[in-house]
There are 2 protein chains.
Amino acid sequence: MNVLEHAEIADRLRAAGIPVTLQRLAIAHALFERPIHVTAEQLLRQVKASVPETSRATVYNSLKLFVEKGLVKELMVDPERVVFDSNTEPHFHLYDIVTGDLTDVPAEQMSLVGLPALPPGTKLEQIDVIVRVSPQR
Amino acid sequence: MNVLEHAEIADRLRAAGIPVTLQRLAIAHALFERPIHVTAEQLLRQVKASVPETSRATVYNSLKLFVEKGLVKELMVDPERVVFDSNTEPHFHLYDIVTGDLTDVPAEQMSLVGLPALPPGTKLEQIDVIVRVSPQR
DNA sequence: TTCCATGCAAAGGGTTTGCACTCTC
DNA sequence: GAGAGTGCAAACCCTTTGCATGGAA
């Protein structure tokens, strides 16, 4: 990763009100270089490759922080583990329940019409749409 | 629960190809008396009240079996635990991420338009739509 | 110096597994 | 008697927590 990207990503963290540290920068870089779907464990491995002084706890702490600040979204597609999505634009997902493949659904292929009456005193946080498929036979 | 209900529920299990046992009957009764959203732990407590000789393992085994046979659906609304839905008709959910309240969205309030191109060699299993809300402030 | 971030290892909690026992056919 | 279903407790795995260390303001 080059200096320019570092600066952009650092700014993105600061803009979200997140103090920049070496580990957060490495985690953010892995997440934001391009839109990805990753588990915490995958991210830990990936980040450790460039910044070995990164612990599991820090990855979880940072992810939690990023989610709170709206930089990434949690996807609950698999009961075994949470997947983090670095694309925070509204979009739908296609998930293969056997292979674990997770991809985005092109916006023009599916849309949601209407919004349910929200319970009094609540506000909308997010709408998840997951199309689950499995290999045929 | 009365004899008639027992018979109906037993038939429902047999129709799904599930050999009937005392525990499965009690679990099925708790699930199918009316449409509900429950966790495995809640179900265990509930079933034990009527059939104390029921173990956690049996509840999990039975739920897994029921899911395979299409009698209940797994909902991944919360990373902490899986919620089982005894209403297998297609419908959407409204989930309060703070209180944990989980309700159905009336069909007339929201609908999904279009279906994405499925990856070659895969078949549609299920489409989950979860509207997440939180208490205001 | 004060506070926050981090590393490490242990704890936590939902779910699964191993194994012996029971029941059914 | 063979196979399936069950109970019990331990094992598992992802995630969180406690605590001491280190770094920044």
Side-chain angles (χ1 to χ4, degrees), chain A residues 9-10 13-14 16-30 37-69 71-85 97 100 102, chain B residues 9-10 13-14 16-30 37-69 71-85 97 100 102:
Chain A
I9 290 172
L13 293 183
R14 291 189 194 98
I18 299 173
V20 174
T21 68
L22 180 62
Q23 287 85 348
R24 285 174 183 165
L25 205 49
I27 293 168
H29 187 271
H37 303 131
V38 276
T39 65
E41 212 63 27
Q42 290 171 340
L43 195 56
L44 174 62
R45 259 187 286 118
Q46 197 174 334
V47 169
K48 271 197 161 173
S50 60
V51 181
E53 45 279 284
T54 305
S55 68
R56 189 183 321 280
T58 295
V59 169
Y60 277 100
N61 285 341
S62 301
L63 282 171
K64 188 178 174 187
L65 196 55
F66 290 5
V67 168
E68 283 169 8
K69 300 302 188 181
L71 296 184
V72 300
K73 280 207 239 175
E74 282 182 297
L75 298 182
M76 268 100 82
V77 293
D78 177 347
E80 309 285 296
R81 76 203 98 258
V82 172
V83 174
F84 296 87
D85 190 347
I97 61 177
L102 180 61
Chain B
I9 290 170
L13 293 182
R14 291 190 194 99
I18 299 174
V20 174
T21 68
L22 180 62
Q23 288 85 348
R24 285 173 184 167
L25 204 50
I27 293 167
H29 187 271
H37 302 131
V38 276
T39 65
E41 213 63 27
Q42 291 171 339
L43 196 55
L44 173 63
R45 261 188 283 118
Q46 197 173 335
V47 169
K48 270 198 163 173
S50 60
V51 182
E53 45 279 284
T54 306
S55 68
R56 190 184 321 278
T58 294
V59 169
Y60 277 100
N61 285 341
S62 300
L63 282 171
K64 188 177 174 189
L65 197 54
F66 290 6
V67 168
E68 282 170 8
K69 300 303 186 178
L71 296 183
V72 300
K73 281 206 241 177
E74 283 181 294
L75 298 181
M76 267 100 83
V77 292
D78 177 347
E80 308 285 295
R81 75 203 101 259
V82 173
V83 174
F84 295 86
D85 190 345
I97 61 177
L102 179 62

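Small disclaimer: the values here were computed from a predicted structure and weren't measured. We name chains A, B, ... by the order of the sequence lines, and we start the count at 1 in each one.
Whole-Å rounding puts the Leu63(A) CG to dA5(C) C1' distance at 15 Å. The interatomic distance linking Leu25(A) (CG) with dT6(C) (P) rounds to 11 Å, in whole Å.
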Pairs: protein N or O with nucleotides 2-5 of chain D N or O, under 3.5 Å:
unit_1, atom_1, unit_2, atom_2, d
dG5(D), OP1, Arg24(B), NH1, 3.2
dG5(D), OP1, Arg24(B), NH2, 3.2

Between the protein and nucleotides 19-25 of chain D, which nitrogen or oxygen pairs are less than 3.5 angstrom apart?
none

Set out, line by line, the N/O atom pairs under 3.5 Å between protein and nucleotides 14-17 of chain C.
unit_1, atom_1, unit_2, atom_2, d
dG14(C), OP1, Arg81(B), NH1, 3.2
dT15(C), OP1, Val82(B), N, 2.9
dT15(C), OP2, Tyr60(B), OH, 2.6
dT15(C), O5', Tyr60(B), OH, 3.3

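For the pair Leu63(B)/Val82(B), no side-chain contact is recorded, criterion being any heavy-atom separation below 4.5 Å from C-beta on.
In terms of the side-chain hydrogen bond (donor to acceptor under 3.5 Å, both in side chains) criterion, Arg81(B) has no residue partners (sequence neighbours excluded). Under the rule for a side-chain hydrogen bond (donor to acceptor under 3.5 Å, both in side chains), the partners of Glu41(A) that lie at least two apart in sequence or sit in another chain are Arg56(A). When the side-chain hydrogen bond (donor to acceptor under 3.5 Å, both in side chains) test is applied to Thr58(B), the partners found at least two apart in sequence or on another chain are Ser55(B).
Nearest heavy atoms, Ala26(A) versus Val51(A): CB-CG2, 3.5 Å. Pairing each heavy atom of Ser62(B) with each of Arg24(B), the nearest pair is OG-CG, 3.8 Å.
Rounding to the nearest 0.5 Å gives a distance of 5.0 Å between CD of Glu74(B) and CZ of Phe84(B).
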